[in-house]
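Start at 1 and go down the list; that is how both ligands and their atoms are numbered. Each residue takes its place number in the sequence, starting with 1. All values reported here derive from a predicted model rather than from experimental measurement.
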Amino acid sequence: MNMLYEVFNIIKERIKEKPEGSYVAKLTTDDEKKAINKICEKIGEEAAELILAAKDNIKEEIIKESADLIFHVMVLLAYSGVDLDELIKEFERRRK
Ligand SMILES: N=c1c2ncn([C@@H]3O[C@H](COP(=O)(O)OP(=O)(O)OP(=O)(O)O)[C@@H](O)[C@H]3O)c2ncn1[C@@H]1O[C@H](COP(=O)(O)O)[C@@H](O)[C@H]1O
(Lines give C-alpha, C1' and ligand atoms only; values in the text may rest on other atoms or scores of the structure.)
Protein backbone atom coordinates (compact mmCIF):
# COMPACT_ATOMS: atom_id res chain seq x y z
CA MET A 1 0.00 0.00 0.00
CA ASN A 2 2.88 2.38 0.81
CA MET A 3 4.31 1.73 -2.64
CA LEU A 4 0.99 2.72 -4.27
CA TYR A 5 1.05 5.99 -2.31
CA GLU A 6 4.68 6.54 -3.33
CA VAL A 7 3.94 6.01 -7.02
CA PHE A 8 0.77 8.13 -6.77
CA ASN A 9 2.77 11.03 -5.30
CA ILE A 10 5.33 10.75 -8.12
CA ILE A 11 2.48 10.76 -10.66
CA LYS A 12 1.04 13.97 -9.10
CA GLU A 13 4.48 15.59 -9.15
CA ARG A 14 5.05 14.64 -12.82
CA ILE A 15 1.64 16.08 -13.80
CA LYS A 16 2.53 19.34 -12.03
CA GLU A 17 6.20 19.72 -12.99
CA LYS A 18 6.07 18.08 -16.45
CA PRO A 19 9.78 17.13 -16.56
CA GLU A 20 11.41 16.23 -19.88
CA GLY A 21 11.27 12.51 -20.63
CA SER A 22 8.45 11.75 -18.20
CA TYR A 23 5.91 9.21 -19.47
CA VAL A 24 3.25 10.59 -17.11
CA ALA A 25 3.90 14.19 -18.21
CA LYS A 26 3.57 13.18 -21.88
CA LEU A 27 0.37 11.22 -21.27
CA THR A 28 -1.26 14.02 -19.25
CA THR A 29 -0.41 16.89 -21.62
CA ASP A 30 -2.77 17.88 -24.43
CA ASP A 31 -1.02 17.65 -27.83
CA GLU A 32 -2.52 16.42 -31.10
CA LYS A 33 -4.70 14.34 -28.77
CA LYS A 34 -6.42 15.49 -25.56
CA ALA A 35 -4.76 14.13 -22.42
CA ILE A 36 -8.04 12.66 -21.14
CA ASN A 37 -8.45 10.70 -24.39
CA LYS A 38 -4.85 9.41 -24.23
CA ILE A 39 -5.28 8.28 -20.61
CA CYS A 40 -8.64 6.59 -21.32
CA GLU A 41 -7.22 4.84 -24.39
CA LYS A 42 -4.35 3.42 -22.29
CA ILE A 43 -6.82 2.19 -19.67
CA GLY A 44 -8.82 0.44 -22.42
CA GLU A 45 -5.66 -1.12 -23.89
CA GLU A 46 -4.33 -2.29 -20.54
CA ALA A 47 -7.73 -3.73 -19.54
CA ALA A 48 -7.84 -5.68 -22.82
CA GLU A 49 -4.27 -6.95 -22.24
CA LEU A 50 -5.22 -8.05 -18.72
CA ILE A 51 -8.25 -9.91 -20.03
CA LEU A 52 -6.06 -11.78 -22.55
CA ALA A 53 -3.51 -12.63 -19.82
CA ALA A 54 -6.31 -13.89 -17.59
CA LYS A 55 -7.74 -16.07 -20.36
CA ASP A 56 -4.26 -17.49 -21.06
CA ASN A 57 -3.94 -18.00 -17.29
CA ILE A 58 -0.29 -16.87 -17.17
CA LYS A 59 0.29 -15.61 -13.63
CA GLU A 60 3.32 -13.37 -14.39
CA GLU A 61 1.43 -11.73 -17.26
CA ILE A 62 -1.64 -11.23 -15.06
CA ILE A 63 0.57 -9.47 -12.50
CA LYS A 64 2.29 -7.25 -15.10
CA GLU A 65 -0.93 -6.30 -16.90
CA SER A 66 -2.70 -5.62 -13.59
CA ALA A 67 0.15 -3.30 -12.61
CA ASP A 68 -0.13 -1.50 -15.98
CA LEU A 69 -3.89 -1.12 -15.57
CA ILE A 70 -3.73 0.05 -11.95
CA PHE A 71 -0.93 2.48 -12.81
CA HIS A 72 -2.98 4.05 -15.61
CA VAL A 73 -6.08 4.24 -13.39
CA MET A 74 -3.91 6.09 -10.84
CA VAL A 75 -2.83 8.50 -13.61
CA LEU A 76 -6.53 9.09 -14.39
CA LEU A 77 -7.35 9.69 -10.71
CA ALA A 78 -4.48 12.15 -10.27
CA TYR A 79 -5.27 13.92 -13.55
CA SER A 80 -8.93 14.23 -12.47
CA GLY A 81 -7.95 15.68 -9.08
CA VAL A 82 -9.00 12.60 -7.11
CA ASP A 83 -6.72 11.61 -4.23
CA LEU A 84 -5.82 8.01 -3.43
CA ASP A 85 -7.30 8.55 0.06
CA GLU A 86 -10.67 9.25 -1.53
CA LEU A 87 -10.54 5.89 -3.34
CA ILE A 88 -9.57 4.13 -0.09
CA LYS A 89 -12.50 5.85 1.68
CA GLU A 90 -14.87 4.52 -0.99
CA PHE A 91 -13.62 0.98 -0.33
CA GLU A 92 -14.04 1.57 3.41
CA ARG A 93 -17.61 2.77 2.82
CA ARG A 94 -18.40 -0.43 0.89
CA ARG A 95 -16.82 -2.78 3.41
CA LYS A 96 -19.36 -5.17 4.94
N1 LIG B 1 4.68 2.39 -12.70
C2 LIG B 1 4.93 2.97 -13.77
C3 LIG B 1 4.55 2.40 -15.04
N4 LIG B 1 3.88 1.27 -15.35
C5 LIG B 1 3.79 1.26 -16.69
N6 LIG B 1 4.36 2.35 -17.22
C7 LIG B 1 4.46 2.72 -18.64
O8 LIG B 1 3.22 2.48 -19.23
C9 LIG B 1 3.40 2.11 -20.59
C10 LIG B 1 2.62 0.86 -20.84
O11 LIG B 1 2.30 0.87 -22.12
P12 LIG B 1 2.38 -0.45 -22.99
O13 LIG B 1 2.36 -1.69 -22.17
O14 LIG B 1 1.30 -0.32 -24.00
O15 LIG B 1 3.82 -0.32 -23.63
P16 LIG B 1 4.28 0.66 -24.77
O17 LIG B 1 4.19 -0.08 -26.06
O18 LIG B 1 5.64 1.18 -24.37
O19 LIG B 1 3.17 1.82 -24.76
P20 LIG B 1 3.34 3.36 -25.16
O21 LIG B 1 4.26 3.99 -24.13
O22 LIG B 1 3.89 3.42 -26.56
O23 LIG B 1 1.92 3.89 -25.06
C24 LIG B 1 4.90 1.91 -20.83
O25 LIG B 1 5.45 2.99 -21.52
C26 LIG B 1 5.45 1.85 -19.39
O27 LIG B 1 6.74 2.41 -19.30
C28 LIG B 1 4.85 3.10 -16.22
N29 LIG B 1 5.49 4.29 -16.22
C30 LIG B 1 5.84 4.82 -15.02
N31 LIG B 1 5.56 4.21 -13.81
C32 LIG B 1 5.83 4.91 -12.52
O33 LIG B 1 5.55 6.29 -12.72
C34 LIG B 1 6.62 7.07 -12.25
C35 LIG B 1 6.79 8.29 -13.14
O36 LIG B 1 7.23 7.90 -14.42
P37 LIG B 1 7.74 9.01 -15.43
O38 LIG B 1 6.59 9.92 -15.69
O39 LIG B 1 8.17 8.27 -16.67
O40 LIG B 1 8.87 9.74 -14.78
C41 LIG B 1 7.85 6.17 -12.27
O42 LIG B 1 8.71 6.54 -11.22
C43 LIG B 1 7.26 4.79 -12.03
O44 LIG B 1 7.20 4.58 -10.61
Can you give each donor-acceptor pair under 3.5 Å made by side-chain atoms of residues 3-20, sequence neighbours left out, with the distance rounded to 0.1 Å?
from, atom 1, to, atom 2, distance (Å)
Tyr5, OH, Asp85, OD1, 2.5
Asn9, ND2, Tyr5, O, 3.3
Lys12, NZ, Asp83, OD1, 3.1
Lys18, NZ, Ile15, O, 3.4
Lys18, NZ, Thr29, OG1, 3.2

Would you confirm whether the ring centroid of Tyr23 sits within less than 6.0 angstrom of the ring centroid of His72? yes
Ion pair check, Asp30 and Lys38, cut-off under 4.0 Å: no
Distance filter under 4.0 Å, heavy atoms only, around ligand 1 gives Ile10, Arg14, Ser22, Tyr23, Val24, Lys42, Glu45, Glu46, Asp68, Phe71, His72
Interatomic distance, Ile43 atom CD1 to Ile70 atom CD1 [nearest 0.5 angstrom]: 11.5 Å
Donor-acceptor contacts under 3.5 Å from residues 46-66 side chains, at least two apart:
from, atom 1, to, atom 2, distance (Å)
Ser66, OG, Ile62, O, 2.7

Table please: side-chain donor-acceptor pairs of residues 89-96 below 3.5 Å, with sequence neighbours left out.
from, atom 1, to, atom 2, distance (Å)
Glu90, OE1, Arg93, NE, 3.1
Glu90, OE2, Arg93, NH2, 2.6
Glu90, OE2, Arg94, NE, 3.1
Glu90, OE2, Arg94, NH2, 3.4

